Amino acid sequence: MNAKFLKPYDPQKTEDKIYKLWEKSGFFNPDNLPNRHKDPFTILMPPANANGDLHAGHGLVVTIEDIIIRYARMRGKKALWLPGTDHAGFETQVVYEKKLEKEGRSRFKMKPKELYKEILDFTLINKKNIIEHIKKMGASCDWSREKFTLDKDIVKTVYKTFQKLSDDKLLYRGKRIVNWCVKHQTSLSELETKSEEQTDTLYYIKYGPLIIATVRPETKFGDTAIAVNPNDARYKKYIGKEIKIDTQIGKNILKVIADDFVEPEFGTGVVKVTPAHDPNDFEIGLRHNLEVIEIIDKYGRLNKNTGKYEGLKIKEARKIIVEDLQNAGLIEKIDENYKHTIKKCYKCLSILEPRIMPQWFVRMKPLAKPIIEEIEKNNIIYFPKNYKKIMLHWLKNINDWNISRQIVWGIPIPAKICEKCSDGFVDIDNIITKCASCDEDIIKDTDTFDTWFSSGQWPFAVLGYPNSQDYKTYYPTDILETAGDIIFFWVSRMLMLGKYITGKIPFNKIYLNGMVLDEKGKKMSKSKGNVINPLDLTKQYGTDAFRMGMLIGNTPGSNIALSDNKIKAYKHFANKLWNIARFVIENTEDTDLENKPKITESDKKIMDELYKFIENINKDMEEFRFYMAAEKLYNYIWHILADVIIEESKSIFNEDDEKAKLSKKWTLYQILTVCLKLLHPFTPFVTEEIWQNLPKKDSGFLIISEWPNDKNL
RNA sequence: GGGCGUUUAGCUCAGUGGCAGAGCGUCACAUUGACAUUGUGAAGGCCGCAGGUUCAAUCCCCGCAACGCCCACCA
């Protein structure tokens with residue numbers, strides 16, 4: 001018996017050693033794989049946000065993707081799993097701002113360059129850290145090709161795309177109403193908002209002969225019209241007329257306009273129109289060519305257009321203005337139980353202030369169209385399939401994408417801005433000096449790209465589009481695996497931008513995993529204090545056990561509750577396998593296993609069942625039911641191999657039928673090697689460690705051994 | 001307002017048009033044997049509710065309820 005085969009199995013002593021062995025072998029890099037690995041097979045790791053530790057969700061992603069790539073590798077594919085990290089623009093800046101706050105500092109008191117440098121240092125430390133964590137999970141990715149979203153070549157590709165969008169008239173700089181976060185001092189895309197229902201007060205205010213209903217009386221100084229429904233008989237006579245409004249300041253003559261947007265049933269059927277501070281009113285304003293009067297500044301305070309209320313914050317202003325209106329007898333009614341939804345910043349949950357700002361927008365409908373077609377033709381397959389509907393619905397209702405962010409942490413937008421007319425010009429080569437619209441001096445755009453604008457180009461950017469050999473070999477990739485909650489942020493953008501730039505969709509299979517929840521099924525969050533660090537679990541139970549526990553019982557798309565007990569069960573399993581191997585090796589080490597002996601009838605039956613089992617597992621693997629394959633392996637190994645086959649073999653080994661003994665030994669050894677292979681993608685460490693200790697092996701490494709099939713047994 | 005998902009053992013969840021499954025937990029017994037990170041066995045179920053299709057429904061269809069999630073420009 002091999003002296004290394006100590007009991008029980010000790011993951012701590014094994015895992016780092018095995019991982020180093022793999023790294024040294026070079027087989028993570030497809031260029032180093034033996035000749036039989038010809039057809040490329042590619043997956044890209046979703047670039048991890050380099051702003052903190054590995055979380056449980058990463059653990060699941062890495063587990064599933066490692067299973068996919070190890071399986072492909074053993075099947076003889078030229079398997080590339082390309083890892084990376086993301087600077088994660090706004091997300092990282094928010095994390096860093098919290099850190100600054102704790103230290104009693106503020107980003108608004110720092111020079112942009114200083115802030116950038118600090119966040120860069122912070123990110124690089126986290127990046128290094130998170131890569132170490134990914135290695136701990138057993139990830140067999142090609143570290144020699146690792147990418148970061150701020151790498152020079154990635155930025156270059158992103159700039160080229162920006163230029164192309166501009167050339168193709170799919171990019172424009174527009175003065176449009178955007179979601180402004182007062183706390184973070186940046187605009188956000190629609191996806192970065194969170195709608196929440198809340199109860200507010202609805203004020204019914206006299207506007208001349210009419211009464212309007214509003215929750216935001218403080219915006220009345222920005223009113224530039226009153227709107228009614230064109231078919232509302234009550235108000236027909238006012239349409240087109242100008243009405244005199246009793247007000248403290250501001251415009252006191254407002255025109256009544258007719259617009260279908262107004263619902264006669266809601267409130268009084270009359271709406272005040274404030275184009276500068278409400279998305280609907282902004283649209284009405286465009287339709288009716290209304291004047292736009294801004295009355296709220298970027299800090300959420302009323303500005304000089306509000307007279308004596310200037311400088312007040314929205315909440316204070318509302319209170320005082322309502323009092324003033326009441327004193328003037330202008331409030332008709334107050335409904336304090338008005339339920340509605342409002343948009344909040346998805347990070348800080350403060351109410352977003354709609355503001356008109358010049359920003360860069362990408363026209364999305366033309367980009368979405370070809371993807372809608374591909375999905376409808378079933379050229380893109382989702383696991384689980386219900387995501388098809390979700391994605392189609394979103395793509396069909398897509399709006400233009402605001403890609404400007406007023407934060408320093410990100411890829412600077414390569415453009416020049418005219419301060420006078422707020423027009424903008426894409427300027428990758430930094431050569432433009434005058435505004436083409438009004439001939440004024442221009443300045444460099446200080447904004448950065450939405451982080452998803454760069455990660456949305458990940459598949460072709462990391463593979464070196466358009467000229468590199470890697471791009472030619474590995475694009476399009478074979479499957480995208482990621483968390484279901486970023487399908488709009490990331491997956492859909494990769495599809496659209498990938499198709500737009502390269503003409504080919506970057507992948508045609510999309511496997512979406514659910515969220516990892518705490519053991520009570522609640523979302524993990526730092527504030528709740530229920531965050532489970534995957535590394536703690538791997539330390540305690542071993543990485544193999546963690547991977548099995550994450551996977552089994554986890555169907556694609558559904559959330560999984562992570563509990564200690566479950567992981568513990570699979571630690572026992574790893575040990576069980578270890579002891580099975582000890583038994584088989586102990587009983588076969590002096591036996592000639594090269595030449596197949598005569599097999600008894602009962603062993604033949606066992607082998608036939610094994611073939612069927614292999615087919616069964618293969619079917620699950622091909623159809624991406626990894627959770628199912630893993631559970632079947634668990635059951636076969638524990639309850640058939642150990643409980644039945646090994647138990648029965650003991651009596652044979654105790655008797656004197658040498659032929660039966662030899663047959664049994666050969667059979668046991670075959671089953672063990674098959675099981676090690678089948679199990680390898682799921683529990684790579686313990687299987688490789690056992691493989692390394694086998695008396696006979698058909699190659700040096702289990703990681704590149706041939707996946708079992710009828711022919712190679 | 002629209003859409004999606006879930007509902008199965010005490011807990012966490014698989015699964016199938018044909019006797020209802022796993023892990024953990026519980027209980028009883030066994031055992032130094034590859035493995036106590038063990039073995040054998042047991043208890044535990046109106047498969048959310050109500051209808052329909054079928055020889056047969058936990059599974060397919062219709063409705064309902066509860067929970068969860070996503071999308072949406074009624075002030």
Side-chain angles (χ1 to χ4, degrees), chain A residues 1 5 7-10 177 190-191 194-195 200 202-205 212-217 219 226-227 229 259-274 278-284 338 340-341 343 354 384 386-394 396-397 399 484-485 487-488 514-515 517 519-523 541-542 545 548-549 552-555 557-587 625 627-628 630-632 634-635 638-639 641-643 646-647 649-650 653-654 668 672:
Chain A
M1 187 88 194
F5 244 104
K7 59 175 184 175
Y9 171 62
D10 184 353
I177 201 141
E190 291 303 314
L191 286 177
K194 189 171 163 58
S195 294
D200 272 316
L202 188 63
Y203 302 93
Y204 289 75
I205 304 170
I212 60 97
T214 183
V215 286
R216 302 201 61 182
T219 61
I226 295 172
N229 189 288
D259 196 287
D260 283 332
F261 163 78
V262 182
E263 297 282 339
E265 289 76 31
F266 185 90
T268 57
V270 187
V271 185
K272 70 187 205 58
V273 184
T274 322
D278 183 280
N280 296 315
D281 293 5
F282 179 75
E283 295 296 326
I284 295 175
Y338 173 59
H340 66 150
T341 52
K343 277 189 182 173
N386 62 298
Y387 272 101
K388 175 181 171 178
K389 247 180 152 175
I390 295 171
M391 185 72 104
L392 275 176
H393 179 260
W394 187 78
K396 285 179 178 174
N397 294 289
N399 289 317
D485 56 359
I487 47 165
F488 304 139
M515 271 195 300
L517 308 172
E519 56 189 331
K520 286 172 193 149
K522 296 268 177 259
K523 205 170 170 172
Y541 303 113
M548 285 293 267
I552 291 181
N554 181 10
T555 50
S558 58
N559 296 339
I560 182 172
L562 184 57
S563 77
D564 255 46
N565 259 341
K566 206 175 158 191
I567 309 293
K568 199 162 102 190
Y570 297 109
K571 178 178 182 169
H572 297 178
F573 175 63
N575 190 53
K576 187 78 183 180
L577 181 71
W578 185 252
N579 283 300
I580 288 168
R582 291 181 67 222
F583 178 85
V584 173
I585 291 168
E586 223 167 51
N587 283 287
R625 287 190 302 265
Y627 61 100
M628 183 58 57
E631 195 175 338
K632 284 175 184 167
Y634 177 95
N635 277 313
W638 200 308
H639 298 302
L641 176 56
D643 291 350
I646 287 186
E647 285 308 316
S649 77
K650 287 177 186 170
F653 291 146
N654 285 332
L668 279 178
L672 175 64

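Everything numeric in this text was worked out from a predicted model, so none of it was measured. Proteins get letters first, then strands, A, B, ... in listed order; numbering begins at 1 in each.
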Participant: Taking G15(B) as the reference, what is the distance to U58(B) when you measure between their C1' atoms (whole Å, please)?
Facilitator: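 10 Å, rounded to whole Å.
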Participant: Classify the angle between the aromatic ring planes of W638(A) and F573(A) as parallel (below 30°), tilted (30 to 60°) or perpendicular (above 60°).
Facilitator: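 W638(A) and F573(A): parallel rings.
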Participant: Check the chi torsion on C29(B) and let me know: syn if it falls within 90° of 0, anti if not.
Facilitator: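 Chi for C29(B) falls in the anti range.
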Participant: Can the ring centroids of Y338(A) and F266(A) be said to lie less than 6.0 angstrom from one another?
Facilitator: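 Yes.
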Participant: What integer number of Å spans the P atoms of C71(B) and G39(B)?
Facilitator: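 So the two P atoms sit 47 Å from each other.
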Participant: Have a look at K650(A) and say if it touches a base, only the backbone sugar-phosphate, or nothing, with a 4.0 Å heavy-atom cut-off.
Facilitator: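 Base, at least one base atom sits under 4.0 Å.
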Participant: So which nucleotide does G48(B) pair with, by the Watson-Crick or G-U wobble rule with both distances under 3.5 Å?
Facilitator: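 G48(B) is paired with C64(B).
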Participant: Using only heavy-atom distances, determine whether the side chains of N579(A) and Y9(A) contain a donor-acceptor pair under 3.5 Å.
Facilitator: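 Y9(A) and N579(A) do not have a side-chain donor-acceptor pair below 3.5 Å.
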Participant: Give a yes or no on whether a donor-acceptor pair under 3.5 Å exists between the nucleobase atoms of A34(B), that is its base, and the side chain of E647(A).
Facilitator: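 Checked by distance alone, the answer is yes.
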Participant: Between the side-chain atoms of K566(A) and the base atoms of C24(B), is any donor-acceptor pair under 3.5 Å?
Facilitator: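 Counting by modelled atom types and ignoring angles, no donor-acceptor contact under 3.5 Å is found here.
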Participant: Between A65(B) and G10(B), how many Å separate the two P atoms, rounded to a whole number?
Facilitator: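 Result for the P pair: 27 Å, nearest Å.
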Participant: I need the single residue from P354(A), P279(A), S195(A) that forms a side chain to side chain contact (heavy atoms under 4.5 Å, CB included) with K343(A). Which is it?
Facilitator: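 For K343(A), the side chain to side chain contact (heavy atoms under 4.5 Å, CB included) test succeeds with only one of P354(A), P279(A), S195(A), which is S195(A).
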Participant: Looking across every strand, which nucleic acid part, if any, lies under 4.0 Å from Y204(A) by heavy atom: base, sugar-phosphate, or nothing?
Facilitator: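 Result for Y204(A) = nothing.
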